[in-house]
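Note on naming: letters A, B, ... go to the chains in the order of the sequence lines (proteins, then strands), and numbering restarts at 1 for each one.
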Amino acid sequence: MKKQIRLLVNSEEYDLQLEPNRLLLQALRDDIGLTGTKEGCSIGVCGACSVIIDGRVVSSCLTLAVACQGKHIETIEGLAKDGKLHPLQQAFIEYGGFQCGICTPGQIMAAKALLDENPKPTEDEVKEWMSGNLCRCTGYYKILESVMAVVNNKISPDFQFRKREQQARIQSLDVYKSVAKTE
Amino acid sequence: MYPAVFEYLKPSSISEAITLLQQHGEDAKLLAGGQSLVPMMKLRIARPRYLIDIHRISDLNYIREQAGQIRCGAMTRHVQIEESELIRDRVPMLCEAASAIGDAQVRNRGTLGGGLVEADPSGDYGAVVLALNAQMKCISPRGERVIPAADFFTFAYTTALESDEILTEVIFPFPDSNSAGVYLKLERVAGDFAIAGAAVQIGLGQNGVCSTVGVGVTGAATIPQKAVSVESLLQGKKITPQLIDEAGRLIQEGAEPIEDTRGSASYKKKALSAILRRAIAESLRRAEAKRSS
């Protein structure tokens, strides 16, 4: 039987009718449409689905949505403010913290939970903390560098997200795809 | 991936939870932190028709000091144990075990009671409650009872709890003030369950002789074990490297580990022996440091 529930995600309220077996992960992605949070292993090992609930990083794939009534949920979509990226997002771009990108939202949310609590962790503390977030491209050192760049205040102050350049790259991929198809 | 359909019940008190358990018996499961139960439900290893979520019962979440004991509500999360000054001060081994569980995501949600009741043969808390002679306070419609740690685990994933009974509190007596303890585990990869783990609390009397000792191990059998043979070997003696080696041999001979993806039985026996020897040496070192400080 569906239950009426109100979720507070990135300071916005969402009223939903959900089955009790709906996980927070699916509620975020499929009911609310915030698809930044990813499903990886779905059994709480890989960290791809990490979100922050009441200040603590948790696996949204193991959290029942109906159990989240009244809790403050933060997802990757809540980080950028007024078109400006969160320092961690910027660092991941500047320092190559992601490759395929599927683990990235989880990595960034886990790192944010750490830095919110301890803004000056050591490298070892970051490694230990981030051990619950797997990267199958194995870009761990770039991820570590990205987090440490925020810790040591090494991100560019005048960073501009190169939107036009990104779009050009995506378009070139589309061209490549259409060529591949005709061949 | 989804769990099968279930009815979600959220009692707000212990007595309400017990009434629900009584009503639904074997068809119901209590949901604590959900870090093992939810994966099991997704994989259809567990398929409860009723899921009783007890995370909002605040009477189950506390850490307090009382009459020479630390009392922890069963729904105390691993991270709360890890961060508790009181526990770090009084039973540091318990802090170490909590920090060694899974990853940050698991420790933020998983609970002390959930971990104990799950009774995973490779779980971390089992060895600790056995080494410290902790007691499990349980409530059922028939009233309250206290189960000593040594009687709590009955088989892999099985405890002495009845189907309508709830573990509400874990009671840790303060270890002797002249003693020190450690929990060590060997993992295959970061955040995994233990291949082998050892919890050792050693007290030193006059002339550096071992005056009190508690040893619990995980990975020796289908349930965590109180290593009675090792305890009686060390009790009353000066702990030398030779005696530590002897303890390692003893535990290895008596162990019957489960073969699984974490290793063969013969590998796990050796791993257990190594981790126990390390734990004895470390807790001895800490006890000596305490004595000379």
Query raised in the report: Are B:E83 and A:R56 within salt-bridge range, i.e. N to O under 4.0 Å?
Result: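 A salt bridge links B:E83 with A:R56.
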
Looking at every non-hydrogen atom in both residues, tell me the closest pair between [X] and [Y] and how far apart they are.
X      : Y     : value
B:F6   : A:P20 : CZ-O, 3.3 Å
B:V106 : A:G44 : CG2-O, 4.4 Å
B:P3   : A:N21 : O-ND2, 2.9 Å
B:Q105 : A:G47 : NE2-CA, 4.3 Å

Query raised in the report: Distance-only, no hydrogens or angles: does the B:R56 side chain make a donor-acceptor pair with backbone N or O of A:A67 under 3.5 Å?
Result: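 It does hold such a pair.
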
Query raised in the report: Donor-acceptor pair, B:N108 side chain versus A:V58 backbone, under 3.5 Å?
Result: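 No; zero donor-acceptor contacts below 3.5 Å.
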
What's the spacing between [X] [atom1] and [Y] [atom2] if we round to 0.5 Å?
X      : Y     : atom1 : atom2 : value
A:S42  : B:Y2  : OG    : OH    : 9.5 Å
B:M40  : A:I43 : CE    : CD1   : 11.0 Å
B:M1   : A:Q26 : CE    : CD    : 9.5 Å
A:S59  : B:Q35 : OG    : CD    : 6.0 Å
B:L31  : A:L64 : CG    : CG    : 6.0 Å
B:R109 : A:T63 : CZ    : OG1   : 4.5 Å

Check whether more than 12 heavy atoms from other residues, nucleotides or ligands sit under 6.0 Å from atom [atom1] of [X], and answer yes or no.
X      : atom1 : value
B:R49  : CZ    : no
B:Y62  : OH    : yes
A:Q4   : CD    : yes
A:K142 : NZ    : no
B:K29  : NZ    : no
B:E85  : CD    : no

**Report entry** Selection from A:Q69, A:E19, A:M130, A:M1 maximising heavy-atom pairs under 4.5 Å formed with chain B
**Finding:**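 Of A:Q69, A:E19, A:M130, A:M1, A:Q69 has the most heavy-atom pairs under 4.5 Å with chain B.
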
Query - Region of B:V79 that comes under 4.5 Å of a non-hydrogen atom in chain A - result: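 Looking at B:V79, just its side chain touches chain A.
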
Query raised in the report: With only heavy atoms counted, which part of B:L51 is less than 4.5 Å from chain A, the side chain, the backbone, both or neither?
Result: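 Contact with chain A: side chain only.
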
Requested in this report: Run the numbers on B:K42 and A:L23 for side chain to side chain contact (heavy atoms under 4.5 Å, CB included), then give the verdict.
Outcome: CA-CA 11 Å; B:K42 286 182 159 191; A:L23 283 315; 3.7 Å; yes

Query raised in the report: Non-hydrogen atoms of chain B under 4.5 Å away: do they reach the side chain of A:C61, the backbone, both or neither?
Result: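 Both parts, heavy atoms under 4.5 Å.
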
Requested in this report: Examine whether an atom of A:A110 lies under 4.5 Å from a heavy atom of chain B, and if so say whether it belongs to the side chain, the backbone or both; otherwise answer neither.
Outcome: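 For A:A110, the side chain is the part near chain B, not the backbone.
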
